[in-house]
Amino acid sequence: AVAEGLGLEVRAELMPEDKLRIIGELRRAEKGNQKVAMVGDGVNDAPVLAQADVSIAMSSGAFLAQAQADAVLLTGSLEDLAATVGYAARTLAVIRENLVWALAYNAVAVPLAVAGYVTPWIAGIGMSLSSLAVVANALRLRAFRAPPGEGARQAQGATA
């Protein structure tokens, strides 16, 4: 049901060598920025988790699988995977906002300071305020909760 909600194809009850073969097939079939993701929990999933572009292990799974994965889903529930994808997409958006803000501020403030239009102490206060704005923007993530189904929409449109 989770995979259907995310618009994903699921293959189950496979041997480790079959999983590796499928990862290879999917990689050859990739178009553009599409990535191959793998979710697993067993020792036999470790080689496939290492080969996938994005790999997620379950917290209730084998330690070796967790060690090979890019991320560990701490809840142990696949239902939370969609919310995790939504949260990751929101985090990426905030990172981009912060980069745009920091670049814009520095593009204006640094030339003004170098030209002498802004005194050093004003420039220092401005830089501190810029840093505070970036941190405050990032803190908005603490209150973010993905609405039901949001992760599914993000996963279908994800490019990274």
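Quick caveat: nothing in here was measured; it's all calculated off a predicted structure. Throughout, numbering of the chain's residues begins at 1 and tracks the sequence.
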A.B. asks: Quick check on the hydrophobic clustering: are Leu26 and Met15 connected, directly or via other members, by side-chain heavy-atom contacts under 4.5 Å?
C.D. replies: no
A.B. asks: Which pair of non-hydrogen atoms, one from Ala52 and one from Ala37, has the smallest distance, and what is that distance?
C.D. replies: CB-C, 4.4 Å
A.B. asks: Please give me the minimum heavy-atom distance between Asp53 and Lys35, naming the atom from each residue.
C.D. replies: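 Result for this residue pair: OD2-CA, 3.6 Å.
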A.B. asks: Are Ile122 and Leu112 linked, directly or through other ILVMFWY residues, by side chains that come within less than 4.5 angstrom of each other?
C.D. replies: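 In one cluster: yes.
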A.B. asks: If I compare all heavy atoms of Leu81 with all of Val39, which pair ends up nearest, and what's the gap?
C.D. replies: CD2-CG2, 4.0 Å
A.B. asks: For Val100, is there any backbone N or O sitting under 3.5 Å from a side-chain donor or acceptor partner on Tyr105?
C.D. replies: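 Pair absent, no side-chain N/O of Tyr105 close to backbone of Val100.
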A.B. asks: Tell me whether Asp70 contacts the main-chain N or O of Ser55 through its side chain, where contact means a donor paired with an acceptor under 3.5 Å.
C.D. replies: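 Yes, the answer is positive, given that a donor and an acceptor are paired below the 3.5 Å cut-off.
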A.B. asks: Does Gln66 use its side chain to pair, donor to acceptor, with the backbone of Ser59 at less than 3.5 Å?
C.D. replies: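 Yes; at least one donor-acceptor contact below 3.5 Å.
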A.B. asks: Would you mind reporting whether Val36 and Val54 have side-chain heavy atoms less than 4.5 Å apart?
C.D. replies: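 The answer is no, as the side chains (C-beta and beyond) never meet within the 4.5 Å cut-off.
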A.B. asks: Using modelled atom types and a 3.5 Å cut-off, is there a donor and acceptor pairing between side-chain atoms of Asp18 and backbone atoms of Leu14?
C.D. replies: no
A.B. asks: Is the backbone of Thr75 close enough, under 3.5 Å, to the side chain of Asp80 for a donor and an acceptor to pair up by distance?
C.D. replies: no
A.B. asks: Could you tell me whether the side chain of Asn137 and the main chain of Val134 form a donor-acceptor pair under 3.5 Å?
C.D. replies: no
A.B. asks: Can you tell if the side chain of Leu141 reaches within under 4.5 Å of the side chain of Thr91, non-hydrogen atoms only?
C.D. replies: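 Yes. Closest side-chain heavy atoms under 4.5 Å.
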A.B. asks: Applying a strict under-4.5 Å side-chain criterion to I, L, V, M, F, W and Y, I'd like to know whether Leu129 and Tyr117 cluster together.
C.D. replies: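 As far as the 4.5 Å side-chain criterion goes, Tyr117 and Leu129 are connected within one cluster.
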A.B. asks: Salt-bridge test for Arg21 and Glu17: reply yes if a basic N is under 4.0 Å from a carboxylate O, no otherwise.
C.D. replies: no
A.B. asks: Do the non-hydrogen side-chain atoms of Met38 and Gln51 ever get within less than 4.5 Å of each other?
C.D. replies: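 No, every pair of side-chain atoms sits at 4.5 Å or beyond.
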A.B. asks: Would you mind reporting whether Ile95 and Asn98 have side-chain heavy atoms less than 4.5 Å apart?
C.D. replies: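 No, every pair of side-chain atoms sits at 4.5 Å or beyond.
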A.B. asks: Spell out, as yes or no, whether a donor-acceptor pair under 3.5 Å connects the side chain of Ser130 to the backbone of Gly126.
C.D. replies: no
A.B. asks: Taking the side chain as every heavy atom from C-beta outward, state whether Asn44 and Lys19 have any pair of such atoms under 4.5 Å apart.
C.D. replies: yes
